[in-house]
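For reference, the structure discussed in these notes is given below.
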Amino acid sequence: RHNVTQPRYILKRCCGTFFCCRSKPPPLCFFTIRSNLKDKVRVMIKLPQWDQTLINKYNVSGPRYTSYPTALSLADGYQQQDLISAIESSQTRSLSLYIHIPFCSQLCYYCGCNKVITRHQSKADTYLDFLAKEIAAQAPLFQDYRVEQLHLGGGTPTFLTATQMTRLVKLLEQHFNFSDTCERGIEIDPRSLADNMLVDLSELGFNRVSFGIQDFNDQVQLAVNRPQHVDEVKQLITQAKQLGFKSINADMIYGLPLQTPESFTQTIEQLIALNPDRVSVFNYAHLPERFAAQRKIKDADLPSAHNKLTMFKNTLEQMTQAGYQFIGMDHFAKVDNELAIAQNTNQLHRNFQGYTTHGECDLLGLGVSSISQIGTAILQNKKELKHYYQAVDEQAGSAINKGMHLTQDDLIRADAIKQLICQFELDMSVFANRHKISFNDYFQDALEALAPLIADEMVTIENNLISVTPKGNLFIRIICMCFDAHLQKQINATRFSRVI
C-alpha cells in the first residue's frame, strides 16, 4: 500500500475509475479512494510476487475455469430440446455468438485446437452450407434476444475468402438481431491474411481483432512450422489501428521448442513496441499423447522447466513495466482498456471465450465442436467435421450431442470461482446473502482446502473477505480448485496443463 499523496503517484480518472500513473509500477498497488461518491473506488494494479519456493511446491496441473463445471463434465445424450428448455428458463435476452471456423492451410505443431488442415477453399463453401442450415434452425429460438457480442474463432477464421466471410456475416445479420454497439471480434493468423482483408473485415462491421503471433524468433517459428516476420505483423497492427478497430489483441506462447529466456524477452520487447491493447501469454502444454501434431516436436528442443518459468517471470515484469495491468493467469490489458476497467469495478466475467465484459449474455456456439452456455445448461456440438455434417442433416439443423444441466450447487460454486478468478477476492458475507447460505457451513471443505494456502501466505481471510495475495495470484487456478466439487473425477479422466 502506498501513500497517494506522494508527488510521484499521480491519480488519473478514466471512464469512471482511477488508476495509478507511474513508469514502473510497484510490486503491488491497492489504492482505496474516497470521493464525494457513496461508493469506494478500489484501483488495482495486480502485480504478482514471484516466490520460487511456492512455484516449486504448487506448480501442478489444473483447469483453466473458462466454465464451471468444466467442459470435461459434459455427457452424451443431449439434443435440441435441451437447448429449447434452456432458453425458456434463461433470465437474460442478451446473446454472445461464437462461430467456429475449423480450417487451417498449414499445421502448427503446438496446436491443440479443433482444426482441419486443407488448402482446398471449396471445403469452406461446404462448411458454410451446413452452417447456414444450423443458423436457420437455431436463430428463430433467439428472436427475442439481441446480439451484443460476436466472435469468430478456429482454426483460422481468416481462412475464409472475403466472399465467404461476407456470406457468413450476411447470414448472421439476416437471422439474428444485432445491437448497434455489438462487439464483433475475429481471430487472425497474420501469415494467411489476404491482401485488403482487414479493410473487408472493417466494412463487415468487425471492430476487434486478435492476432495469433506466438513468437517472433525465426528458429522457434520454424520449429513449430509457423514462420512469419515481425515487420509483416507490425504492418497489420498499424493498419488495424488506422482502420479504427477498437481493440487489438495479441496471442503469445511461452514454452515452445528452442525458446530461451533471452529470446522470449526480445520477442516481448518487440511485442510491446507494437502496442496492442490486450495481450495473452499462454503456457504451452506439451501433450503429444492427446494431440498428434505435437509429436512432431522433439522433447529435447523444449525449454527446461526452470527456463520456462523464467520466461513467464520476465514477461510479467516487462508487461507491467510497459503499463499493462495483469488481469489474471495469462492475460494483460492496458490500464484504460475496458477489460482492466471492468476488473477494477468488479464487473469482469469469464466464460468459454476467456475474460470478458459480457457476463450477462447467454452464449450460443455455432459450428463444429462449439459450446453454448444458455441459462443453466452447457451444450456442445459434435466435435468431428463429418459427424457435425451428419448431425445437421439428420437432426433438422442441430448438431448438439453433449451437455449438462447445472445444479444449484454448480451455480453457487461457479459464482465463487468467477469472483476469485476475476477479482482476486470474495466477500463471504455478501456472497452468503446473495445465495442465502451459511458460507462457513456450505464451503467447509473449501475453507479446509484453503488452509495450507493461507499458511503459505497465498490467501488471507480477514473481516469476512477472502483475498488472494501477491504471492498467490499466480496460483489462482489452484485457489479455485479448492471450490471445485467435480475435480477429482476429472483429474482421474484427463491431464490438465500446469498452472504456470
Side-chain angles (χ1 to χ4, degrees), residues 97-111 113-132 135 150-174 182-216 218 221-222 224-252 270-271 274 276-278 280 293 366-368 385:
L97 274 178
Y98 172 76
I99 316 296
H100 190 78
I101 308 296
F103 303 107
C104 295
S105 59
Q106 186 174 350
L107 178 66
C108 299
Y109 296 159
Y110 60 82
C111 184
C113 297
N114 186 298
K115 74 275 184 185
V116 175
I117 308 301
T118 182
R119 293 186 181 275
H120 297 289
Q121 203 67 43
S122 61
K123 290 191 175 182
D125 289 316
T126 302
Y127 186 71
L128 290 177
D129 290 341
F130 281 89
L131 200 55
I135 291 171
L150 168 66
H151 186 79
L152 270 60
T156 304
T158 48
F159 178 91
L160 301 182
T161 65
T163 299
Q164 291 168 334
M165 188 70 71
T166 300
R167 178 189 175 191
L168 173 59
V169 171
K170 297 307 179 186
L171 270 171
L172 294 170
E173 291 178 339
Q174 176 186 347
C182 178
E183 294 182 0
R184 301 191 185 200
I186 184 170
E187 298 170 9
I188 293 176
D189 181 346
R191 305 166 306 151
S192 64
L193 198 66
D195 293 341
N196 215 46
M197 190 60 170
L198 277 178
V199 175
D200 294 329
L201 292 173
S202 177
E203 291 177 350
L204 286 171
F206 287 95
N207 47 35
R208 294 166 184 270
V209 288
S210 179
F211 292 103
I213 298 173
Q214 322 316 349
D215 197 298
F216 285 125
D218 292 340
Q221 292 168 1
L222 288 174
V224 297
N225 198 36
R226 191 186 172 91
Q228 64 183 354
H229 197 277
V230 62
D231 288 340
E232 296 173 355
V233 178
K234 182 177 181 179
Q235 290 173 4
L236 288 174
I237 291 180
T238 299
Q239 185 185 16
K241 291 178 180 178
Q242 292 172 345
L243 288 169
F245 283 91
K246 294 180 180 179
S247 181
I248 298 172
N249 180 81
D251 286 343
M252 314 299 290
Q270 291 172 299
L271 176 70
L274 298 179
D277 301 292
R278 302 178 185 178
S280 303
L366 298 169
V368 62
L385 193 57

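Please read all numbers here as calculations on a predicted model, not as lab measurements.
- By the 30° and 60° cut-offs, the orientation of the rings of His151 relative to Tyr98 is parallel.
- The NZ atom of Lys123 sits 8.5 Å away from the CG atom of Leu385 when rounded to the nearest 0.5 Å.
- Distance OG/Ser122 to OH/Tyr127: 15.5 Å, rounded to 0.5 Å.
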_side-chain contact (heavy atoms from CB on, under 4.5 Å) between Val368 and Asn114, worked out_ = CA-CA 8 Å; Val368 62; Asn114 186 298; 4.3 Å; yes
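- Considering all non-hydrogen atoms of both residues, Ala293 and Cys111 come closest at CB-O, 4.5 Å.
- Heavy atoms only, all atoms of each residue included: Arg226 and Pro190 are closest at NH2-CD, 4.2 Å.
- Rounding to the nearest 0.5 Å gives a distance of 9.0 Å between CG of Leu160 and CG of Asp125.
- Between Leu201 and Leu243 the shortest side-chain heavy-atom distance does not fall below 4.5 Å.
- Two residues are said to be in side-chain contact when any heavy atoms from C-beta on lie closer than 4.5 Å; Asp189 and Gln106 fail this criterion.
- In this structure, CG in Leu366 is found 6.0 Å from CD1 in Ile135, a value given to the nearest 0.5 Å.
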*Report the C-alpha distance between Ile101 and Thr156 in whole Å, list the side-chain angles of each, state the deciding distance to 0.1 Å, and finish with yes or no for side-chain contact (heavy atoms from CB on, under 4.5 Å).*
CA-CA 6 Å; Ile101 308 296; Thr156 304; over 6 Å; no
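- Within a 6.0 Å radius of CG in Asp231, other residues, nucleotides and ligands contribute more than 12 heavy atoms.
- A salt bridge links Arg184 to Glu173: at least one charged side-chain nitrogen sits closer than 4.0 Å to a carboxylate oxygen.
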*What's the verdict on side-chain contact (heavy atoms from CB on, under 4.5 Å) for Leu150 and Val169, showing C-alpha distance, side-chain angles and the deciding distance?*
CA-CA 10 Å; Leu150 168 66; Val169 171; 5.5 Å; no
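- Between Arg278 and Ser247, the shortest heavy-atom distance links the atoms NE-OG, 3.8 Å.
- Side-chain contact between Pro102 and His100: present, with at least one pair of heavy atoms (C-beta onward) separated by less than 4.5 Å.
- Remark: side-chain polar atoms of Gln121 are paired, donor with acceptor, to backbone N or O of Phe159 under 3.5 angstrom.
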*Carefully, step by step, assess Asp129 and Arg167 under the rule side-chain contact (heavy atoms from CB on, under 4.5 Å).*
CA-CA 10 Å; Asp129 290 341; Arg167 178 189 175 191; 2.7 Å; yes
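- Two residues are said to be in side-chain contact when any heavy atoms from C-beta on lie closer than 4.5 Å; Phe211 and Leu274 fail this criterion.
- Side-chain contact between Leu152 and Leu168: present, with at least one pair of heavy atoms (C-beta onward) separated by less than 4.5 Å.
- To the nearest 0.5 angstrom, Asn207 atom CG is 12.0 Å from Leu204 atom CG.
- Side-chain atoms of Leu131 and Leu171, non-hydrogen and from C-beta on, never get closer than 4.5 Å to each other.
- Annotation for Gly155 and Cys113: closest pair N-CB, 4.3 Å, computed over non-hydrogen atoms.
- Taking the side chain as every heavy atom from C-beta outward, Phe245 and Asp277 never approach each other to under 4.5 Å.
- Rounded to the nearest 0.5 angstrom, Cys108 SG and Gln214 CD are separated by 7.5 Å.
- In this structure, Gln221 and Arg191 have side chains that are not in contact, with every pair of non-hydrogen atoms separated by 4.5 Å or more.
- Residue Met252 comes nearest to Ile213 through the heavy atom pair SD-CB, 3.6 Å, listed as atom of the first residue, atom of the second, then distance.
- Among all heavy-atom pairs drawn from Leu271 and Phe216, the shortest one is N-CE1, 3.9 Å.
- For residues 232-244, no residue pair satisfies the side-chain hydrogen bond (donor to acceptor under 3.5 Å, both in side chains) rule, not counting sequence neighbours.
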